[in-house]
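Accompanying notes for the structure given below.
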Amino acid sequence: MRFSLLCWNIQKRSLTPRFQYVFEHLLETYRSDIVALQEVRLSHGHIPSSFRAFTHALSCNIVRNRHCCGVMTLSRFPLIDSTPYLSKTKEIGIATRKSGLLTRHRLPDGAPLSLLNLHVINFVPYGLFAKEIERIAELIAGVDDEALIVAGDFNTWSGKRQKRLNEVMAEFGLQKVLLENEKSIKSILGSPLDHIYCRSLRTRHALVVDTPVSDHNPIAAEFEL
């Protein structure tokens, strides 16, 4: 059983015509069965037309002026259930939390798949970042399905942050997906921010797609169960 995933921090551009055009083109080029978006911005009661071919779930970290911002997972497969997540810590100077979303999907062959879509805390000292990673680890520990993907913007802009993240992922048997052109991924001081980890899946390919919409480029990956 093969399926494809698109993971992208869209920098709150989801309501713009330019984003819609590029997103629809991406779906034509990389037919994505599941889409994990971070920094989505939506108007209450309105779903962009390009999202309507999917079932969806949303976890908001900001609700303001009839708009919601957060992470969103879109799926062509039946969505069995979803669990929103908010960081306990607020970012310094911004006073906002970061969001995550754990969803469970049923693949066409009947196999279950879990996806944890994350936007991890950024503007905090390392100690608070590490505590949030431990909370995320508790969420992963509760996943019963063997097949699991953890994807998103992890804000791993230092070697110390990346090392701790890798250690926690390894504890749960999750391996980092290697990208064909990692140099195109959003990085700070040479450290990539966006990652995909998976368990009990074979990665057929994973590449970064250059786009003009966001300051992050999307990752298109194909897996086999």
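Annotation: salt bridge (charged side-chain N to carboxylate O under 4.0 Å, His left out) contacts involving residues 152-165, sequence neighbours excluded, comprise E134-R164, K163-E167, R164-E167. The list of salt bridge (charged side-chain N to carboxylate O under 4.0 Å, His left out) pairs with a residue in residues 7-21, not counting sequence neighbours, reads K12-E39. Applying the ring pair (Phe, Tyr, Trp, His ring centres under 6.0 Å) test to residues at least two apart or on different chains, none of the pairs has a partner in residues 78-99. Here salt bridge (charged side-chain N to carboxylate O under 4.0 Å, His left out) pairs that include residues 176-200, with residues two or more places apart or in two chains, are K186-D215. Sorted by first and then second residue, the pairs that involve residues 117-133 and meet salt bridge (charged side-chain N to carboxylate O under 4.0 Å, His left out), not counting sequence neighbours, are E132-R135.
When all heavy atoms are compared, the tightest approach of G159 to S191 is N-OG, 4.4 Å. Heavy-atom minimum distance, P108 versus M1: CD-CE, 3.3 Å. Between G70 and S99, the shortest heavy-atom contact is CA-OG, 3.6 Å. Closest heavy-atom contact between A53 and R76: CB-NH1, 4.2 Å.
Taking OG of S32 as the start and CG of L5 as the end, the distance is 7.0 Å to the nearest 0.5 Å. Rounding to the nearest 0.5 Å gives a distance of 9.5 Å between CG of L201 and CD of E146. One distance of note links CD1 of I133 with CD1 of I121; it measures 10.0 Å at 0.5 Å rounding. Taking CD1 of I196 as the reference point, atom CG of L179 lies at 7.0 Å (rounded to 0.5 Å). In this structure, OG1 on T103 lies 4.5 Å from CG on L115, to the nearest 0.5 angstrom. Residue N117 holds its CG atom at 7.5 Å from CG of L37, rounded to the nearest 0.5 Å.
By the 4.5 Å heavy-atom criterion applied to side chains, W8 and V213 are counted as neighbours. Side-chain contact check for V35 versus F23: some heavy-atom pair is nearer than 4.5 Å. Using a 4.5 Å cut-off on side-chain heavy atoms (C-beta onward), D145 and L113 make no contact. Taking the side chain as every heavy atom from C-beta outward, I136 and L116 approach each other to under 4.5 Å. Side-chain contact between Q38 and C7: present, with at least one pair of heavy atoms (C-beta onward) separated by less than 4.5 Å.
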Which atom pairs, donor and acceptor, lie under 3.5 Å between side-chain atoms of residues 24-31 and protein residues at least two apart or in another chain?
{"unit_1": "T29", "atom_1": "OG1", "unit_2": "H25", "atom_2": "O", "d": "3.0"}
{"unit_1": "R31", "atom_1": "NH1", "unit_2": "D33", "atom_2": "OD1", "d": "2.8"}

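Clustering ILVMFWY residues whenever any of their side-chain heavy atoms sit less than 4.5 angstrom apart, transitively, puts I188 in a cluster other than the one holding F123. Tracing side-chain contacts under 4.5 Å through hydrophobic residues (I, L, V, M, F, W, Y), one never reaches I140 starting from I34; they form parts of separate clusters. Hydrophobic clustering (side-chain heavy atoms under 4.5 Å, transitive across Ile, Leu, Val, Met, Phe, Trp, Tyr) groups F129 together with L139. Hydrophobic clustering, with ILVMFWY side chains joined whenever heavy atoms are under 4.5 angstrom apart, keeps V120 apart from M72. By the rule that hydrophobic residues join a cluster once side-chain heavy atoms approach within less than 4.5 Å of another member, I219 and L148 end up as members of separate clusters.
Grouped by direct or indirect side-chain proximity (heavy atoms under 4.5 Å, Ile/Leu/Val/Met/Phe/Trp/Tyr only), I80 sits alone. Through chains of ILVMFWY side-chain contacts below 4.5 Å, V71 is grouped with L101. Hydrophobic clustering, defined by side-chain heavy atoms of Ile, Leu, Val, Met, Phe, Trp and Tyr closer than 4.5 Å, leaves I62 isolated from every other such residue.
Around atom CZ of F172, more than 12 heavy atoms belonging to other residues, nucleotides or ligands sit under 6.0 Å away. Under a cut-off of 6.0 angstrom, the local environment of CG in D210 is crowded, with over 12 non-hydrogen atoms contributed by other residues, nucleotides or ligands. Surrounding CD of Q175 are at most 12 heavy atoms belonging to other residues, nucleotides or ligands under 6.0 Å away. Crowding of R64 atom CZ: a count of heavy atoms from other residues, nucleotides or ligands under 6.0 Å not exceeding 12.
Using a distance-only test at 3.5 Å, with no hydrogens or angles considered, a donor-acceptor pair links the side chain of S59 to the main chain of G100. Remark: the backbone N or O of L86 is not paired with any side-chain donor or acceptor of N61 at under 3.5 angstrom. With T156 contributing its side chain and P192 its backbone, the two residues share a donor-acceptor pair below 3.5 Å. For Q162 (side chain) and W157 (main-chain N/O), no donor-acceptor pair under 3.5 Å exists by modelled atom type. For T55 (side chain) and S75 (main-chain N/O), a donor-acceptor pair under 3.5 Å exists by modelled atom type. Between the side chain of N181 and the main chain of V208, a donor-acceptor pair closer than 3.5 Å is present. Between the side chain of S187 and the backbone N or O of I185 there is at least one donor-acceptor pair closer than 3.5 Å. A donor-acceptor pair is defined here as one N or O able to donate and one able to accept, closer than 3.5 Å; such a pair exists between the side chain of H67 and the backbone of N65.
When ring centroids are compared, H105 and F77 stay outside the 6.0 Å threshold.
Taking the six-membered ring where the residue is Trp, H195 and Y197 present tilted rings, their angle falling between 30° and 60°.
Under the side chain to side chain contact (heavy atoms under 4.5 Å, CB included) rule, N122 has a single partner from T96, N155, L193, which is N155.
Residues that satisfy the ring-ring contact (aromatic ring centres under 6.0 Å, His included) test with F223, not counting sequence neighbours, are F3. For P125, the side chain to side chain contact (heavy atoms under 4.5 Å, CB included) partners are I92, L128, not counting sequence neighbours. Partners of T203 under the side-chain hydrogen bond (donor to acceptor under 3.5 Å, both in side chains) rule, at least two apart in sequence or in another chain, do not exist in this structure.
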message: Working note: L58 + C68, criterion side-chain contact (heavy atoms from CB on, under 4.5 Å); need CA distance, chi angles, decisive distance, verdict.
response: CA-CA 9 Å; L58 178 67; C68 165; 3.7 Å; yes
- request: For V143 and R104, run side-chain contact (heavy atoms from CB on, under 4.5 Å): C-alpha distance rounded to whole Å, both residues' side-chain angles, the deciding distance at 0.1 Å, then the answer.
  value: CA-CA 9 Å; V143 174; R104 193 163 183 257; over 6 Å; no
- request: Report the C-alpha distance between T73 and L79 in whole Å, list the side-chain angles of each, state the deciding distance to 0.1 Å, and finish with yes or no for side-chain contact (heavy atoms from CB on, under 4.5 Å).
  value: CA-CA 10 Å; T73 298; L79 190 60; 5.6 Å; no
- request: Apply side-chain contact (heavy atoms from CB on, under 4.5 Å) to the pair E91 and K98, showing each step before the final yes or no.
  value: CA-CA 8 Å; E91 293 181 319; K98 281 290 193 285; 2.8 Å; yes
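Residues S184 and N217 have side chains that never bring a donor and an acceptor to within less than 3.5 angstrom of each other.
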